[in-house]
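Down below is the structure, laid out as structure tokens.
Convention: sequence-line order gives letters A, B, ...; per-chain numbering from 1. Keep in mind that this is a model prediction, so the values were computed, not measured.
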Amino acid sequence: MNEFSTSTLTKVYSPAEVEKKWYEYWERNRLFHARVNPDKKPYTIVIPPPNVTGVLHMGHILNNTLQDVFIRYKRMKGFEACWIPGTDHAGIATQNVVEKSLMKEGKTRHDLGREKFIERVWEWKRQYGGVIIKQLRTLGCSCDWDRERFTMDESLSAAVREVFVRLYDDGLIYRGNYIVNWCPKDHTAISDDEVNYSDQTGKLYYIKYPIAGTSDAAIVATTRPETMFGDVAVAVNPTDERYAHLIGKMATLPLANKPIPIIADEYVDKEFGTGMVKITPAHDPNDYWVGQRHNLPQPVVMDISARMNNNVPPKYRGLDRYEARKLALADLDAQGLLVKTEDHTYAVGRCYRCETVIEPYLSDQWFVRMKPLAEPALKVVLDGTIKFYPNRWVKVYEHWMTNVRDWCISRQLWWGHRIPVYYTADGRFTAARSEQEARIRLGVQPDDPLRQDEDVLDTWFSSWLWPFSVHDWPQHEKAGKAQDLAYFYPTDTLVTAPEILFFWVARMIMSGLRFAPSFTGTDEPSKNIPFRDVYFTSIVRDAKGRKMSKSLGNSPEPLDLIAEYGADAVRFTILYLAPLGQDIIYAKEKNEIGRNFANKIWNAGRFLLMNRDQIGEAPKTAEFNTDHLDLADRWILSRFHSTLLDVENAMENYEINKVTKVIYDYFWHDYCDWYVEMIKSRLYGDEPAEAKQAVIARALDLFDAALRLLHPIMPFITEELWQSIRPRAANDSIMRAAMSEPDRSFINKQVEDEMAFVQNVIESVRAIRGEMSIAPSKELSVVMKLRDGRDADSIKKYDGYFRRLARVTSLSFITDQSRPRLSATAVVQGDELFVPLEGIIDIEVEKARLRKEIERVSSLLKSVQAKLSNENFVAKAPKEVVEKEQEKLNTFSETLEKLQRNYAALS
RNA sequence: GGACGCUUAGCUCAGUUGGUUCAGAGCGUCGCCCUUACAAGGCGAAGGUCGUAGGUUCGACUCCUACAGCGUCCACCA
């Protein structure tokens, strides 16, 4: 498995086989599996269960990459990291999918009947469901697959029943005849949160309702004339003097020819329309409450498909609501009762699943009383027991939780958890965990008829229990999961989209605080909350800033991306682009960032292996070999440990894009661009073999450490290289290796300053080369004139670096004015540097170069001078700041002087 | 109508207690290079009065206010 020879490493990294190979290896060795381990602290994440009908999209890529990064990072940091995967049964979505396939056979679910239909859904689930779970493997997710759950598993159904009964017994679940959001296509109620509103331009119709016995008429304005058949009153504002005389009179409902009263109610806005409103209690939520206040009847005039029912005049019966609207308007117009029609923009609510315009509809539904659940759930977020990242979502949460409305949990579907309520023949009912329990509760004999409620529960009624139901609560004892539940609950981090803050996040907090005490045995909120941190992910948008979605067709196909760029590259790229709390603008081509980086890592590995094979490696003693250290070594060790600190810090704050940037910069620019280039001068120089082998060992140590640092983000390539660079034990994996711990004793400011000088010299020579268009292969000489107190030997010892990185083949020093006549010059930290360019130099180019540099330094100098001559500044600014400015003044003026002298020497 | 977020190089974005060798990176552009890890690469260069207008301060990309543009969430008048 390990110890490749260099020849097997191709020049360009090809991820496909590598990724497949290692994922199989990890899974085969059950390296993702977490078990209760008292010696380690647990770190748990439960996956936001994707719909069982779902396929991977870019949002999942981001969301699951983040979770995998957290899990892999914590695992390497010594935690027992457990990522629990699973899928959601997704009531409406799944039922729709199966109904669609039935339609192809010319059947409806009613042709099959409930039992057969549900069987059919299970069959579908077994065959096609959970594709997304397989796709997550492609992405490299290290989920504990032994713990995979489905929200319709028997154990999760038990949790649903338990919770329902408890809430029912506590009086928090009730049944009522209320207006709900009805989807005429899915034939079910949906919750307030499942309705999406969008502005739409429609018409506002003014309709005349004659008033019996007078020539007067009430003129009402409505956007939905078809609901007029359900009108039971006309309302005016009690303070509206225009209509005071009409209150108590009867108006005639046109077309239906029914008398309805004119009533007064505060709800009516005097300014809108005519100030008179038709009241339709069964088809409008506001009208419903008006009707309640005035004890009005609630005639329902549509059926479950929003077709007019038998409560309307015969000619309208059976018509779709929009056809009925058309016909009613025509009839009203014919009778001269349609006064006028205006354009009107208003918000239309649509079903979040099928986009059908919802119909407010009066029906019997089950509700959860939310206030008592919301209060403690709000508290733990406000007091920081649960933290939101970014924090601003706390305000949104607070607003919702203080204005929370009761949750309609019944759905008129077949696919889902059946409501555990049982009715006797004479109409008594109770909630119960089982039919047997219901019989006991109701005092009903085993052979007496008992009927279970036909409806199922909202999908979220099972997902809100997810953090503990995954451990088979309330049957955890029986299932042998008691220890797991105690050890892995609460979870640590929840990674989810802000869109489901209310649907899911808020409700999980409520359910955790409400039900966890029964297994944690404490009322302490911090032990009962379902998670400690919530990370809200970015929205992935396209180049035009539009949200990526299936319907817009503007999203790349994730699996194609992975096939083309590699999973590591896709993971790296999306994290690199995703700042905490900000949306991300995504385009396929961006994956070149990750792909190129992977290739860079790959080639660094090739370089090291090649040299190891040729030179050999000193035997391993500590994490980092510290024999034969020189400047570059001390510097890279210093840089590495500061990088570790930065990564740790950014990780704690969930600044993952910062983590990727820090590592990227370190690896590419510090390790590859400088360090690797610098050790070449030693590896190919004339040092003793022992020193060279120490250099190789150290470079490999650092590479090993960098691979571990990178592993959570790019799991595959790091495993491949980690296994190749050193012999590893059988079944070992980088994912089980320890992350390096930052050690401040390696961080050395003097070393970094010294290195900065060497880098500046090299960069100055390179800049001259670049400006003069001198080929990199052309060898150059450098003459230096040092400022007072500087020792030439302290610079000469870096000769090898200058030779290797700037192609400086001759370095000499002068102390007088004998500078080479035709040379380009630079000033590096006060030391002057001359590059003799006899025959190559273009005087004008060099003069222009120097002029620009002189300008730059002059403007710096000027601003420092301005500051120091400002009395207020000197008097009020802190002493250190003033001193610093004073130092700058000296440096700048010295540098400027030298530049000007060298400029003069050219003319 | 209410709340929140964003506005820095052509593009996508960094910029942590306010102190100009921090105005930066990547992509793109231009120039020189296939230098024995990497052209998916190396080196260098050009390019921005940090949305607008005020204010606080010795000093603001960084704090405050207003405005503009973009975006998100919530509520909603029939």
Checking all strands, does [X] fall into the base, sugar-phosphate, or nothing category for heavy-atom contacts under 4.0 angstrom?
X         : answer
Ala775(A) : sugar-phosphate
Pro390(A) : nothing
Asp269(A) : base
Arg541(A) : sugar-phosphate

Any donor and acceptor pair, going by atom type alone, linking the side chain of [X] with main-chain N or O of [Y] inside 3.5 Å?
X         : Y         : result
Tyr801(A) : Glu677(A) : no
Thr222(A) : Arg224(A) : yes
Asp265(A) : Val290(A) : no
Thr573(A) : Val570(A) : no
Arg766(A) : Leu805(A) : yes

**Prompt:** How would you list, by chain and number, every residue that makes a side chain to side chain donor-acceptor pair (under 3.5 Å) with Asp284(A), sequence neighbours excluded?
**Reply:** none

**Request:** Under the side chain to side chain donor-acceptor pair (under 3.5 Å) rule, collect the residues that match up with Arg350(A), sequence neighbours excluded.
**Result:** Gln200(A)

Which nucleotide in the list [options] gets nearest to the side chain of [X]?
X         : options                   : value
Phe873(A) : rC76(B), rG19(B), rA46(B) : rG19(B)
Ile593(A) : rC58(B), rG26(B), rA46(B) : rG26(B)
Lys661(A) : rC13(B), rA78(B), rA25(B) : rC13(B)

**Message:** Less than 3.5 Å apart, any donor N or O on the side chain of Asp231(A) or Tyr209(A) sitting next to an acceptor on the other?
**Reply:** yes

**Asked** Just by distance, with hydrogens left out, do Asn591(A) and Tyr586(A) show a side-chain donor and acceptor under 3.5 Å apart?
**Response**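 Result is yes, a qualifying pair exists.
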
If the [atom1] atom of [N] is compared with that of [M], how far apart are they to the nearest Å?
N       : M       : atom1 : value
rG24(B) : rG15(B) : P     : 16 Å
rG71(B) : rG10(B) : C1'   : 23 Å
rA53(B) : rC74(B) : P     : 36 Å
rC77(B) : rC4(B)  : C1'   : 25 Å
rU16(B) : rC70(B) : P     : 28 Å
rU65(B) : rU49(B) : C1'   : 22 Å
rC50(B) : rA23(B) : C1'   : 7 Å
rU7(B)  : rU17(B) : P     : 15 Å

Atom [atom1] of [X] and atom [atom2] of [N]: how far apart are they, to the nearest Å?
X         : N       : atom1 : atom2 : result
Leu889(A) : rG19(B) : CG    : P     : 20 Å
Asn760(A) : rG44(B) : CG    : P     : 12 Å
Ile585(A) : rG71(B) : CD1   : P     : 11 Å
Leu577(A) : rU12(B) : CG    : P     : 12 Å
Leu575(A) : rA14(B) : CG    : C1'   : 16 Å
Asp665(A) : rC22(B) : CG    : P     : 16 Å
Lys884(A) : rC58(B) : NZ    : C1'   : 16 Å
Lys658(A) : rC13(B) : NZ    : P     : 18 Å

Other residues, nucleotides, ligands: >12 heavy atoms within 6.0 Å of [X] [atom1]:
X         : atom1 : answer
Glu897(A) : CD    : no
Lys208(A) : NZ    : no
Glu266(A) : CD    : no
Lys847(A) : NZ    : yes

**Message:** Measuring to OP1 and OP2 of rC33(B), would you say a side-chain N or O of Lys778(A) lies under 4.0 angstrom away?
**Reply:**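 For rC33(B), OP1/OP2 do not have a side-chain N/O of Lys778(A) under 4.0 Å.
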
**Strand-adjacent residues in residues 270-286 of chain A, judged by heavy atoms under 4.0 Å from RNA chain B** = Phe272(A), Val277(A), Asn286(A)

**Asked** If you pin Asn872(A) and Glu655(A) to their nearest nucleotides in RNA chain B, which one's is more 5'?
**Response** Glu655(A)

**Prompt:** If you find the nucleotide of RNA chain B closest to Ile539(A) and the one closest to Thr895(A), which residue's nucleotide is nearer the 5' end?
**Reply:** Thr895(A)

**Request:** Sugar-phosphate means primed atoms, P, OP1 and OP2; the rest is base. With that split, encode nucleotides 35-43 of chain B 5' to 3' as B, S or - using protein heavy atoms under 4.0 Å.
**Result:** B-BBSBSBS

**Request:** For RNA chain B, list all stems, counting runs of three or more consecutive pairs where every pair is Watson-Crick or G-U wobble with both distances under 3.5 Å.
**Result:**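 Runs of three or more consecutive pairs: B:1-7 with B:68-74, B:10-13 with B:24-27, B:29-33 with B:41-45, B:51-55 with B:63-67.
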
Ion pair check, [X] and [Y], cut-off under 4.0 Å:
X         : Y         : value
Glu887(A) : Lys884(A) : no
Glu853(A) : Arg856(A) : yes
Lys661(A) : Glu655(A) : no

Grab the N/O contacts between the protein and nucleotides 2-9 of chain B below 3.5 Å, and write none if there aren't any.
none

